[in-house]
Number of protein chains: 2
Amino acid sequence: MDGYDKYAHEPFAVTVDLAVLTLRDGALHVLLVERGQEPYAGHRALPGGFLQPDESAETAARRELAEETGLSDVSGLHLEQLRTYSEPGRDPRMRVVSVAFAALLPHAPEAHGGGDAARADWVPYGTAGPLAFDHDRILTDAHDRVGAKLEYTCLATAFCPPEFTLGELQRVYETVWGTELDRPNFRRKVLATPGFVEPVPGTARLTGGRGKPAALYRAGTATTLHPPLLRPPREGRPT
Amino acid sequence: MDGYDKYAHEPFAVTVDLAVLTLRDGALHVLLVERGQEPYAGHRALPGGFLQPDESAETAARRELAEETGLSDVSGLHLEQLRTYSEPGRDPRMRVVSVAFAALLPHAPEAHGGGDAARADWVPYGTAGPLAFDHDRILTDAHDRVGAKLEYTCLATAFCPPEFTLGELQRVYETVWGTELDRPNFRRKVLATPGFVEPVPGTARLTGGRGKPAALYRAGTATTLHPPLLRPPREGRPT
DNA sequence: CCTTTTATAGTCGTGATGACCATTAAAGGG
DNA sequence: CCCTTTAATGGTCATCACGACTATAAAAGG
């Protein structure tokens with residue numbers, strides 16, 4: 001920024017794009033809108049919009065999140081800046097620099113038309129088909145980032161309601177990572193990490209039907225996991 | 001970006017800011033320029049500049065890196081996008097959205113006036129005094145990010161010349177983390193991680209003066225560390 | 001009452017790691 | 001030339017984390 005006073009500068013349009021992720025029926029879903037106009041008419045796209053003059057990217061992202069999900073209170077939701085996409089040709093109409101965010105929702109409010117006219121839908125991750133612009137890339141980056149942060153942070157609780165069972169927490173890991181985890185070992189690890197979860201005393205809940213009722217937990221105060229909860233290394237890759 | 005066709009949008013100036021880090025004399029240094037004009041005249045700032053119309057942020061960052069360091073070939077250097085800073089008041093003159101990068105240099109070319117008139121200097125990390133704009137925050141974020149990535153990636157070799165000793169590699173960790181590591185344990189860990197480093201056969205070098213000559217290694221093909229090389233947990237923080 | 005399902009408890013062996021100690025190979029000083 | 005200093009390298013040992021696995025408890029459903 002030292003060059004301010006010497007360089008001529010071009011104006012850019014600045015947008016935010018959101019990869020809003022949640023778990024529905026044990027599968028990872030992403031919130032997508034359908035484009036009505038060219039370019040990419042008929043294609044799905046990540047929700048987003050232009051930065052307003054008095055907004056930071058984070059503020060704009062949270063505003064868009066509220067508009068697209070219809071939730072009245074998005075202040076507690078985890079919103080994380082991914083990176084900024086600025087390739088010159090990424091929007092055929094004009095030069096657009098887009099700050100991408102990942103948002104994590106504990107439960108899935110029904111999809112609906114947000115503040116925008118475009119309809120928003122929950123789409124299972126991976127079945128979205130080709131998205132508009134470079135949104136496939138952004139969505140992949142979001143998934144990679146979330147998967148990685150599950151390893152060394154307490155981010156998984158952001159997918160859970162305020163009170164949750166360890167089984168639900170485990171399903172977050174399994175769904176995002178696409179792997180199965182050993183249940184006793186997962187319990188041991190989570191409970192041995194101070195501040196990851198704290199028990200809600202004397203409570204139990206039926207998970208849905210059969211089985212022994214599970215104890216309820218709340219998210220703890222810790223933010224990082226030491227040591228991390230590593231996902232099982234893939235076959236064929238060196239350990 | 002679905003709102004393109006409905007929202008009026010404000011143009012923004014887009015810049016890149018660089019936290020260029022290297023090791024000099026066993027201490028972490030950062031490349032800073034001195035501002036000659038208001039605002040923040042006389043303060044140091046991170047090097048950077050405006051995005052050109054045909055550039056991505058990465059391209060602009062690498063161009064700025066070459067200009068400020070004077071290096072003829074910056075193509076092999078590690079350049080990593082940190083995040084984008086977009087608070088409305090971060091530049092008093094106008095609305096500027098800045099994409100920040102961290103760059104890692106193996107050796108420190110002498111500081112000099114780059115393509116810009118502003119002089120560039122290597123300044124020990126932590127002694128920079130208050131920087132212009134929100135550059136203190138950016139620099140802190142860069143340090144945090146690099147420190148974290150040392151744990152689970154092979155990023156440390158980006159601070160090293162093409163051939164290096166394990167002692168040099170260890171000093172990267174110690175310098176960035178500000179901790180001391182046990183030398184035999186560090187060796188064991190690095191050598192036990194496939195693809196982290198590979199030996200340069202039959203070579204040895206004197207580290208500078210006394211002591212047994214150390215074997216030389218090159219960076220391997222691996223990019224991630226499984227399991228990670230965790231920094232010792234700080235006292236007072238839960239493990 | 002028995003099976004199914006899920007939660008919870010515990011065991012055991014292996015591997016990674018932290019804390020050490022020992023040895024080797026160089027430089028420097030008397 | 002010997003001795004000290006310095007740094008690299010090689011190794012031990014106890015502890016801990018973790019994967020694999022078995023067992024028990026508490027619910028629903030037939």
Side-chain angles (χ1 to χ4, degrees), chain A residues 26 150-152 160 163-174 177 179-194 196-197 199-217 224-235 237-239, chain B residues 26 150-152 160 163-175 177 179-194 196-197 199-217 224-235 238-239:
Chain A
L150 288 187
E151 289 197 338
Y152 57 96
C160 295
E163 299 188 343
F164 52 88
T165 69
L166 294 186
E168 290 171 331
L169 188 65
Q170 181 177 349
R171 237 159 274 131
V172 172
Y173 281 89
E174 293 178 332
W177 285 348
T179 62
E180 296 227 328
L181 299 176
D182 181 82
R183 196 182 290 264
N185 290 343
F186 180 82
R187 287 180 61 78
R188 188 214 309 168
K189 174 68 181 175
V190 170
L191 295 177
T193 303
F196 192 177
V197 298
V200 180
T203 324
R205 192 186 60 180
L206 295 181
T207 322
R210 318 227 270 222
K212 180 176 173 178
L216 287 179
Y217 294 85
T224 59
L225 263 43
H226 270 274
L229 177 49
L230 299 176
R231 74 188 103 181
R234 298 182 183 182
E235 305 301 328
R237 194 169 63 174
T239 311
Chain B
L150 287 188
E151 291 196 337
Y152 57 96
C160 295
E163 297 188 346
F164 52 87
T165 69
L166 294 186
E168 290 172 329
L169 188 65
Q170 181 177 348
R171 235 160 277 132
V172 171
Y173 281 89
E174 293 177 335
T175 304
W177 286 350
T179 61
E180 297 226 328
L181 300 177
D182 180 82
R183 197 182 289 265
N185 291 341
F186 180 81
R187 289 180 59 80
R188 189 203 345 178
K189 175 68 182 175
V190 170
L191 295 177
T193 303
F196 193 177
V197 298
V200 180
T203 325
R205 193 186 61 181
L206 295 180
T207 321
R210 317 222 272 219
K212 179 176 174 177
L216 287 180
Y217 293 86
T224 59
L225 264 44
H226 271 275
L229 177 49
L230 299 175
R231 73 188 104 182
R234 299 182 182 181
E235 306 301 329
T239 309

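These values consider heavy atoms only, across backbone and side chains, with no hydrogens, waters or symmetry-generated copies. Here is the naming used below: chain letters follow the sequence lines, and residue numbers restart at 1 for every chain.
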Starting from [atom2] on [N], measure out to [atom1] on [X] and report it in whole angstrom.
X: A:Arg231; N: D:dA17; atom1: CZ; atom2: C1'; answer: 19 Å
X: A:Glu151; N: D:dC18; atom1: CD; atom2: C1'; answer: 14 Å
X: B:Lys189; N: C:dG15; atom1: NZ; atom2: P; answer: 14 Å
X: A:Leu191; N: D:dC18; atom1: CG; atom2: P; answer: 13 Å
X: B:Leu181; N: D:dA8; atom1: CG; atom2: P; answer: 13 Å
X: B:Leu230; N: D:dA17; atom1: CG; atom2: P; answer: 12 Å
X: B:Asp182; N: C:dG18; atom1: CG; atom2: C1'; answer: 7 Å
X: A:Asn185; N: C:dG15; atom1: CG; atom2: C1'; answer: 15 Å

(request) Check the pair A:Leu230, B:Tyr152 against side chain to side chain contact (heavy atoms under 4.5 Å, CB included), reporting the backbone distance first and the verdict last. (result) CA-CA 11 Å; A:Leu230 299 176; B:Tyr152 57 96; over 6 Å; no
(request) Starting at CG of B:Leu169, measure out to CD of B:Glu174 and round the result to the nearest 0.5 Å. (result) 10.5 Å
(request) First locate atom CG of A:Leu191, then atom CG of A:Leu166, and finally report the distance between them rounded to the nearest 0.5 Å. (result) 5.5 Å
Short N/O separations, protein against nucleotides 2-5 of chain C, under 3.5 angstrom:
| unit_1 | atom_1 | unit_2 | atom_2 | d |
| --- | --- | --- | --- | --- |
| C:dT5 | O2 | A:Gly211 | N | 3.4 |

(message) So, does A:Arg187 get its side chain near the phosphate of C:dA7, meaning an N or O under 4.0 Å from OP1 or OP2?
(response) no
(message) Taking side-chain contact (heavy atoms from CB on, under 4.5 Å) as the definition, give me every residue that meets it alongside B:Glu163, ordered by chain and number, with sequence neighbours left out.
(response) B:Val200, B:Leu216, B:Arg218
(request) Could you work out which one of C:dT8, D:dA8, C:dT17 sits closest to the side chain of B:Pro227? (result) C:dT17
(request) Tell me which of A:Leu229 and B:Gly167 sits closer to the 5' end of DNA chain D, going by the nucleotide each one is nearest to. (result) B:Gly167
(message) Base of D:dG10, side chain of B:Arg188 - is there a donor-acceptor contact under 3.5 Å?
(response) no
(message) What's A:Ala215 touching, base or sugar-phosphate or nothing? Going by heavy atoms closer than 4.0 Å.
(response) sugar-phosphate
(message) Once side chain to side chain donor-acceptor pair (under 3.5 Å) is applied, do any residues pair with B:Arg188, and if so which ones, sequence neighbours excluded?
(response) B:Asn185
(request) Could you tell me which residues satisfy ring-ring contact (aromatic ring centres under 6.0 Å, His included) with A:Tyr173, sequence neighbours excluded, listed by chain and number? (result) A:Trp177, A:Phe186
(message) With a 3.5 Å distance limit and no angle check, can you tell me whether B:Glu168 reaches the backbone of B:Cys160 through a side-chain donor-acceptor pair?
(response) no
